[in-house]
S.K.: 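So that we are looking at the same thing, I have put the structure below in structure tokens.
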Number of protein chains: 2
Amino acid sequence: MPKNEASENVTADDVAVAAGVSRWTVNRAFKKDASISPMTREKVMQAASQLGYLPDLRAAALASDKSNLVALLVDDFANPHKLVMLERLTRALRSRGWDTLLVNTLNAEDAGPAIANASQRRVDATILIGIQFDDEVLAAALGARRLQKLIIFARTSENPNTISIAVDDAAATREIAQYVLDRGYKRPFYFAGPRTVSAHLMRKETFLAHWLKHTDQTVPSMSAPSYDANIAAEMVGHQFANQQETTRPDIIVCENDALAIGTIDAIRHQLGLRVPEDIAVIGFDDVPLAASPNYKLTTYRQPLTAMADYLVDVLEQSESKDMTRTFHGQLITRDSA
Amino acid sequence: MPKNEASENVTADDVAVAAGVSRWTVNRAFKKDASISPMTREKVMQAASQLGYLPDLRAAALASDKSNLVALLVDDFANPHKLVMLERLTRALRSRGWDTLLVNTLNAEDAGPAIANASQRRVDATILIGIQFDDEVLAAALGARRLQKLIIFARTSENPNTISIAVDDAAATREIAQYVLDRGYKRPFYFAGPRTVSAHLMRKETFLAHWLKHTDQTVPSMSAPSYDANIAAEMVGHQFANQQETTRPDIIVCENDALAIGTIDAIRHQLGLRVPEDIAVIGFDDVPLAASPNYKLTTYRQPLTAMADYLVDVLEQSESKDMTRTFHGQLITRDSA
DNA sequence: TTGTACGCGTTATCAA
DNA sequence: TTGATAACGCGTACAA
């Protein structure tokens, strides 16, 4: 343990006295591009570490009105992809000097209070990460004027006051639909996620439109109330129990991997069928488990690292107009379809 | 959108003018147990919502030296159980008025800087959540004197300066070992997680000791470098390839579910064997996937909600002596063993 | 390169 | 119950 006898609050003033300089020189020593002589800085830093001094970021934020802090709102912890997103985002943020407030949007009614909460911490930006927001939530977020930036990550929004950083869902879905066509599947079924009034992904609609256009046929579908593999398994087991080979789908296209994993489990263990021989499955996200020898899931991988890096770019930009950007990922073909 | 015309910083002063009271009365209105007449408070709150005023928590923290903020340090995002922990912790914290700083400990060398980072935000406590800390990390954390409390969640630590909130690993492991004995398994194999100098779980040691005591036999084992299902699958596939039925284990006891899931995948898809008929598997944590029709994993469930609630109790306590506490969970028996 | 008022928005404490 | 003074620790702007 370092021998920092000063157990109480060490401030820049204390360091100033110890180093024989003024308090402002101490602060300069901790600023990156400050005009200060290397010798003075060295002297200050020595005294600082001697006393165990580190600048107080609360005070800095208060004085400069810049917190280097963002709020990450998350509402759906059942989806394993959230963990991957959290890792990539916190990594990109922290390695570039940003801290992260993780806000659990406890339930549908809590989105407003959650945003108010973040705004009281005077974060520089609020990030909705794959959240089931609706227009009310957005209005609440935009109403809390202190939120400099409102970023929708991994989802698109048409609201001009938000910045959306996401994969091009339409293009990705068309690529998936074309793959399904090219592989010769005839009876696809679309398994969508939660459908809110304004915030659901357009993947289902895109897939159905593409299929209709190319085959003149309508694709049946259903929607899960949440991205939860166990719930998905139950739904699939229920939906396709006792179906004839000729009427059941030959491929189930899932809105994401959480649903796809549950679907595969149900096909094997509840319907007693094989993947992909009897029913094939496609997912979206490429969660770690998708690559496991058990699932070998064909899925669409988003460029999360690039998206996270871009998010930090946006934060560091003073302007926030026209920052919305879509990315392109890639279809990862494995054995499931 | 609410009609809060005042777009810039609204402070208590503005509200005071609007409500015709002093600034201190405004702040009182927002304090829970303040001596203020209901009428005055009502008047203040009305003016406040009119202007869109919410107290600035940075300033409050600075003035009161109490931030109502904790730092959650996480180093291992491959383990799906982390997501469950994050959900339970943020839920308990936020519903009782605490905010959460999520700090990604980017790599082994980064633990120190991560802690320093949190201490600069003047958090009221730092929580190590299932982290692979070692003595150096603890020393660094304790060296940053501003951390009022250092809490080790879901792991035990003998360091008297820390508060550990965890399940009784020894008791849990003995229960597992006894179950394995009772079910008549003869050749167990222990699959452990990362082994650091000072911070690994004692589950493996406990299991081996229990088995030795009751059967006089030594249990073979191996250790994965991280709690990652895909890595676990590879290791198991490698370890038991081409083994005779008589020499291979009849049960693999895993330090947690991430390893157990990989183990099951490998047994089925790489070794071509059945679970539990050829090799049984036991995990620890009861992640959501453990209940899926595919894994039906026998595992040990920790009382996470109670643990999270207790954590907030600890935060609200002024004393921090003798706050370490262990919990008891329960063995969830499913089909895998 | 270094030093100096002043302000950031709140809380603690005491006085009215 | 209310009002007022003095911190809390640092940043900005400017002067030395």
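Fair warning: this is a prediction, and the values are worked out from it, not measured in the lab. Chain naming here is simple, since letters A, B, ... match the order of the sequence lines and numbering starts at 1 in each.
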S.K.: Apply salt bridge (charged side-chain N to carboxylate O under 4.0 Å, His left out) to Arg58(B) and list each qualifying residue two or more places apart in sequence or on a separate chain.
M.R.: Asp65(A), Asp56(B)
S.K.: Check this for me, if you would: do Lys149(B) and Asp124(B) make a salt bridge, where the nitrogen-to-carboxylate-oxygen distance has to be below 4.0 angstrom?
M.R.: no
S.K.: Would you say Thr40(B) places a side-chain N or O within less than 4.0 Å of OP1 or OP2 belonging to dT1(D)?
M.R.: no
S.K.: What I want to find out is whether Arg325(B) reaches Asp313(B) closely enough, with some N-O distance under 4.0 Å, to be called a salt bridge.
M.R.: no
S.K.: In whole angstrom, what separates Leu62(B)'s CG from dA6(D)'s P?
M.R.: 18 Å
S.K.: Return no unless some side-chain N or O of Asn27(B) is found under 4.0 Å from OP1 or OP2 of dT10(C).
M.R.: no
S.K.: Would you kindly give the CZ-to-C1' distance between Arg122(A) and dG11(D), to the nearest whole Å?
M.R.: 18 Å
S.K.: Check the phosphate of dT11(C) against Ser64(B), side-chain N and O only, distance under 4.0 Å to OP1 or OP2. Yes or no?
M.R.: no
S.K.: Which residue, Leu106(B), Ile129(B), Thr105(B), forms the side chain to side chain contact (heavy atoms under 4.5 Å, CB included) with Asp75(B)?
M.R.: Thr105(B)
S.K.: So, does the side chain of Trp24(B) form a donor-acceptor pair with the base of dT5(D) at under 3.5 Å?
M.R.: yes
S.K.: Indicate whether OP1 or OP2 belonging to dG3(C) is found under 4.0 Å from a side-chain N or O atom of Thr25(A).
M.R.: yes
S.K.: Between the base of dG3(D) and the side chain of Arg28(B), is there any donor-acceptor pair under 3.5 Å?
M.R.: yes
S.K.: Examine the base of dG11(D) for any acceptor or donor lying under 3.5 Å from a partner atom in the side chain of Arg23(A), and report the outcome as yes or no.
M.R.: yes
S.K.: Just the rounded figure in Å: distance from P of dC8(C) to CD of Gln120(A).
M.R.: 20 Å
S.K.: Ignoring backbone atoms, establish whether Thr11(A) has a side-chain N or O less than 4.0 Å from OP1 or OP2 of dC8(D).
M.R.: no
